[in-house]
Amino acid sequence: MRMLVDGDAGSTSDWDDRWNHIKKFLERSGPFMHPDFEPSTESLQFMLETCKILVIGAGGLGCELLKNLALSGFRNIHVVDMDNIDVSNLNRQFLFRAKDVGRPKADVAADFINSRVPGCCVIPYFKKIQDLDETFYRQFHIIVCGLDSIVARRWMNGMLLSLLVYEDGVLDPSSIIPLIDGGTEGFKGNARVILPGMTACIDCTLELYPPQINFPMCTIASMPRLPEHCIEYVRILQWPKEMPFGDDMALDGDDPEHIQWVYQKSLERAAEFSITGVTYRLTQGVVKRIIPAVASTNAAIAAACATEVFKIASSAYLPLNNYMVFNDVDGLYTYTFEAERKENCSACSQVPSDLHFSPSSKLQEVLDYLTESTSLQMKSPAITTTMDGKNKTLYLQSVASIEQRTRPNLTKTLKELGLADGQELAVADVTTPQTVLFKLCFTS
Ligand SMILES: [Zn+2]
């Protein structure tokens with residue numbers, strides 16, 4: 001029998017055979033093992049004692065990830081989440097109970113794991129990812145994301161790219177923090193492994209995230225086929241025309257009377273076209289743009305992500321290469337492919353992208369390009385440049401006074417603004433913690 005020592009959390013909480021399930025993967029060889037891996041007890045020791053994991057998000061994927069990682073032997077886990085628990089989370093975010101509604105997800109999730117899994121230490125941060133800095137992110141061996149926002153994902157991707165160290169143009173591999181990214185939407189999901197600076201980053205594959213799909217107006221207005229088309233008709237056309245709750249009263253997806261009105265009118269519209277399937281719930285879903293969260297999809301994607309963390313932390317197995325898609329709408333389908341780096345990726349390529357515009361183009365056109373281009377998809381870009389050795393803000397949206405002062409620039413041409421061919425434009429946006437450099441290339 002082993003002596004138990006006070007304060008030695010690592011050993012007091014381990015009982016005989018506790019990690020047998022993990023040891024089977026790490027302490028004997030097998031056909032799927034990494035070709036360079038030597039089975040030993042070291043990997044498990046590293047996972048238990050040293051390896052520091054950051055989980056971003058403590059929601060549907062986050063709860064699954066924390067549970068999977070804690071039960072796989074990771075004990076040094078930090079979790080960041082900015083949300084409070086809502087009653088509608090309880091069906092799948094299983095670390096939360098009814099009594100926890102209103103409390104921060106990160107705090108409750110950490111408490112739950114810490115009290116349930118002996119020896120595991122989860123440290124919570126009830127914060128936005130943007131409120132933590134480079135020094136914070138640099139301390140982790142692996143970061144795993146269970147986010148529902150593309151902007152947050154891109155920001156995290158940008159943060160890890162900003163931590164990379166290049167010496168004479170050569171990437172220092174010790175500066176790479178692997179990013180495991182999971183995402184789900186209804187019955188669809190994906191899991192991917194990103195080695196920042198080495199493999200395709202989030203922005204390299206931005207075209208895979210199409211902008212929000214809306215139904216074409218002609219379908220909504222004249223040839224509806226789906227119950228959703230009928231609800232959209234009422235939301236977009238009938239509400240503003242009839243103003244059922246008085247002038248200027250905008251449709252509020254959280255007001256049951258509003259939803260009830262849209263629901264009744266949508267039923268009438270559906271009856272006209274012999275369309276079935278309009279329900280109160282669907283009405284609310286369409287009005288609030290809700291895609292239902294599916295617990296089983298979250299479980300499958302989080303399991304894939306936790307497996308990748310395990311493979312990379314132990315280096316016992318080759319990681320996923322590098323993008324797995326998953327779909328359980330009808331039966332089950334998965335497919336893995338190698339997403340490729342984009343040579344001129346604005347986030348990870350280290351070269352300023354070219355912006356091709358004529359000197360007579362207006363600044364507004366540049367702004368539109370930054371937000372509408374499928375490879376950039378910026379949200380509220382702020383454009384600055386250097387002129388005569390001074391920084392000059394050409395346009396900035398997020399501060400009202402500066403917006404007002406720089407708005408007239410939007411209707412000026414690039415030539416009128418004094419911009420030259422080859423001029424560098426620095427663009428800041430919520431999608432990245434760093435400014436993105438562009439080079440202006442005049443077309444004639
Ligand atoms: Zn990239």
Side-chain angles (χ1 to χ4, degrees), residues 54 56-57 129-130 134 137-138 140 142-183 189-211 305 308-309 312 319-325 336-356 366 369-383 424-441:
L54 176 65
I56 311 266
I129 53 172
Q130 292 85 352
E134 287 189 9
Y137 290 110
R138 207 189 300 275
F140 298 101
I142 301 172
I143 297 184
V144 49
C145 278
L147 286 164
D148 58 2
S149 141
I150 293 166
V151 169
R153 243 188 213 105
R154 291 177 67 187
W155 189 92
M156 206 53 238
N157 179 65
M159 171 52 78
L160 295 185
L161 288 167
S162 77
L163 297 181
L164 297 177
V165 176
Y166 289 87
E167 270 172 47
D168 300 328
V170 181
L171 177 60
D172 172 1
S174 69
S175 66
I176 299 173
I177 301 177
L179 174 66
I180 317 294
D181 180 56
N190 67 79
R192 55 191 298 192
V193 173
I194 295 169
L195 303 175
M198 292 191 55
T199 65
C201 82
I202 299 278
D203 283 49
C204 284
T205 56
L206 211 53
E207 274 104 329
L208 296 178
Y209 306 107
C305 290
E308 293 310 314
V309 175
I312 292 175
L320 175 80
N321 186 22
N322 51 34
Y323 198 124
M324 190 266 287
V325 292
T336 300
F337 67 98
E338 184 178 350
E340 285 182 23
R341 284 189 79 180
K342 212 174 93 182
E343 221 171 284
N344 58 345
C345 171
S346 63
C348 76
S349 71
Q350 298 275 99
V351 254
S353 313
D354 292 343
L355 287 176
H356 296 273
V366 177
Y369 175 77
L370 295 172
T371 53
E372 286 165 16
S373 144
T374 50
S375 60
L376 295 172
Q377 298 186 38
M378 292 186 163
K379 302 299 163 191
S380 55
I383 311 175
E424 276 199 351
L425 300 179
V427 180
D429 189 54
V430 289
T431 53
T432 169
Q434 296 172 292
T435 52
V436 184
L437 286 182
F438 291 94
K439 204 173 93 187
L440 198 55
C441 297

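Whatever order the structure lists them in is the order used to number ligands and atoms, beginning at 1.
Environment of CD in E340: sparse, with no more than 12 heavy atoms of neighbouring residues, nucleotides or ligands closer than 6.0 Å. Summarising the local packing, NZ of K439 is surrounded by 12 or fewer heavy atoms from other residues, nucleotides or ligands at distances under 6.0 Å.
Considering only residues two or more places apart in sequence or on other chains, L171 meets the side-chain contact (heavy atoms from CB on, under 4.5 Å) condition with L164, Y166, S175, I176, M198. Evaluation of the side-chain hydrogen bond (donor to acceptor under 3.5 Å, both in side chains) rule for R138 yields E134 as partners, not counting sequence neighbours.
Taking each heavy atom of I129 and Y137 in turn, the nearest pair found is O-OH, 2.7 Å.
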Which atom pairs, one a donor and one an acceptor, fall under 3.5 Å between side chains of residues 346-353 and the rest of the protein, sequence neighbours left out?
from: S349; atom 1: OG; to: C345; atom 2: O; distance (Å): 2.6
from: S349; atom 1: OG; to: V351; atom 2: N; distance (Å): 3.4
from: S349; atom 1: OG; to: V351; atom 2: O; distance (Å): 3.4

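Near-neighbour remark for the Zn ion (ligand 1): protein N, O or S atoms under 2.8 Å are C201 SG, C204 SG, C345 SG, C348 SG; waters not counted.
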